[in-house]
Engineer: 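Provided herewith is a single structure, encoded as structure tokens, for subsequent inquiry.
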Amino acid sequence: MNKKEVFKLAKGFRGRAKNCIRIARERVEKALQYSYRDRRNKKRDMRSLWIQRINAGTRQHGVNYGNFMHGLMKENVQLNRKVLSELSMHEPYSFKALVDVSRSAFPGNKKSIVPPKKEGLAVVL
């Protein structure tokens, strides 16, 4: 990389990293390494965010994420996690229909009755 390209990429850096060629070259090289790495990490982070959103949506209907996805797989519903997360946030009725489809396909998704919590337990001696 020649001097002109390095300074063009170093624009906006702080201190001598923007106007001293040796330091600018090192900082630009490191910045390019970070950008390469983080383009991959961004994909990982977005998938994680989608899964969290789907999990939050399914738990409102009494199903956990793993069972929900397994039920959809058994019913051959081919929606990716990005679309499912958008549905869970913006289309709650459509998402509820998908939860019902998943619940009917997988016996582990049946609504379980949670016993009420006991308040104020008294110790009897």
Engineer: Are Val83 and Met89 connected, step by step, through hydrophobic side chains (Ile, Leu, Val, Met, Phe, Trp, Tyr) whose heavy atoms are closer than 4.5 Å?
Structural biologist: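 Different clusters: Val83 never reaches Met89 through Ile, Leu, Val, Met, Phe, Trp or Tyr contacts under 4.5 Å.
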
Engineer: The criterion is ring pair (Phe, Tyr, Trp, His ring centres under 6.0 Å); which residues satisfy it with Phe95, sequence neighbours excluded?
Structural biologist: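 For Phe95 the ring pair (Phe, Tyr, Trp, His ring centres under 6.0 Å) partners, ignoring immediate neighbours, are Phe68.
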
Engineer: Calculate, to the nearest 0.5 Å, the distance between atoms OG and CD belonging to Ser104 and Glu75 respectively.
Structural biologist: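 If I round to the nearest 0.5 Å, the distance is 5.0 Å.
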
Engineer: Determine whether Gln78 and Asn76 make a side-chain contact, defined as any pair of heavy atoms from C-beta on separated by less than 4.5 Å.
Structural biologist: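 Yes; the side chains approach each other to less than 4.5 Å.
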
Engineer: Given Val77 and Leu98, is the side-chain contact (heavy atoms from CB on, under 4.5 Å) satisfied, shown in steps?
Structural biologist: CA-CA 9 Å; Val77 176; Leu98 284 172; 4.1 Å; yes

Engineer: With a 4.5 Å cut-off on side-chain heavy-atom distances among I, L, V, M, F, W and Y, is there a chain of contacts connecting Val101 to Leu84?
Structural biologist: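 Yes.
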
Engineer: Going by side chain to side chain donor-acceptor pair (under 3.5 Å), name the residues that satisfy it together with Asn80, two or more places apart in sequence or in a different chain.
Structural biologist: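 So Asn80 forms no side chain to side chain donor-acceptor pair (under 3.5 Å) with any residue.
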
Engineer: Partners of Gln33 by side chain to side chain contact (heavy atoms under 4.5 Å, CB included), sequence neighbours excluded?
Structural biologist: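 With neighbours one apart ignored, the set is Glu29, Lys30.
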
Engineer: Determine all donor-acceptor pairs shorter than 3.5 Å in which one atom belongs to a side chain in residues 39-59; sequence neighbours excluded.
Structural biologist:
unit_1: Arg40; atom_1: NH1; unit_2: Tyr36; atom_2: O; d: 3.1
unit_1: Asn41; atom_1: OD1; unit_2: Arg44; atom_2: NH1; d: 3.1
unit_1: Asn41; atom_1: OD1; unit_2: Arg44; atom_2: NH2; d: 3.1
unit_1: Lys43; atom_1: NZ; unit_2: Arg39; atom_2: O; d: 3.0
unit_1: Asn55; atom_1: OD1; unit_2: Arg59; atom_2: NE; d: 3.0
unit_1: Asn55; atom_1: OD1; unit_2: Tyr65; atom_2: N; d: 3.4
unit_1: Thr58; atom_1: OG1; unit_2: Ile54; atom_2: O; d: 3.2
unit_1: Thr58; atom_1: OG1; unit_2: Asn55; atom_2: O; d: 3.0
unit_1: Thr58; atom_1: OG1; unit_2: Val63; atom_2: O; d: 3.2

Engineer: Closest heavy-atom contact between Ser88 and Ser85?
Structural biologist: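 Heavy atoms only, the tightest pair is OG-O, 2.8 Å.
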
Engineer: What residues form a side chain to side chain contact (heavy atoms under 4.5 Å, CB included) with Phe13, not counting sequence neighbours?
Structural biologist: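 Residues passing side chain to side chain contact (heavy atoms under 4.5 Å, CB included) with Phe13: Ala10, Ala17, Lys18, Arg27, Val28, Ala31.
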
Engineer: To the nearest 0.5 angstrom, please state how far the CD atom of Glu26 sits from the CD1 atom of Ile21.
Structural biologist: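 Interatomic distance, Glu26 CD to Ile21 CD1, rounded to 0.5 Å: 10.5 Å.
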
Engineer: Is it true that Met69 and Met73 fall in one hydrophobic cluster, defined by side-chain heavy atoms closer than 4.5 Å?
Structural biologist: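 Unlinked, Met69 and Met73 end up in two clusters.
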
Engineer: Taking all heavy atoms of Ser35 and all of Leu32, pick out the closest pair and write down the distance.
Structural biologist: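 Residues Ser35 and Leu32, closest heavy atoms: OG-O, 2.9 Å.
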
Engineer: Could you measure the distance from the NE2 atom of His90 to the CD atom of Glu86? Nearest 0.5 Å is fine.
Structural biologist: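 Rounded to the nearest 0.5 Å, the NE2-CD separation comes to 4.5 Å.
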
Engineer: Looking at residues at least two apart in the chain, or sitting in another chain, which of them share a salt bridge (charged side-chain N to carboxylate O under 4.0 Å, His left out) with Asp100?
Structural biologist: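 Salt bridge (charged side-chain N to carboxylate O under 4.0 Å, His left out) list for Asp100, sorted by chain: Lys96, Arg103.
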
Engineer: Looking at Leu87 and Ser94, what are the two nearest heavy atoms and their distance?
Structural biologist: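 The answer is CD2-CB, 4.2 Å.
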
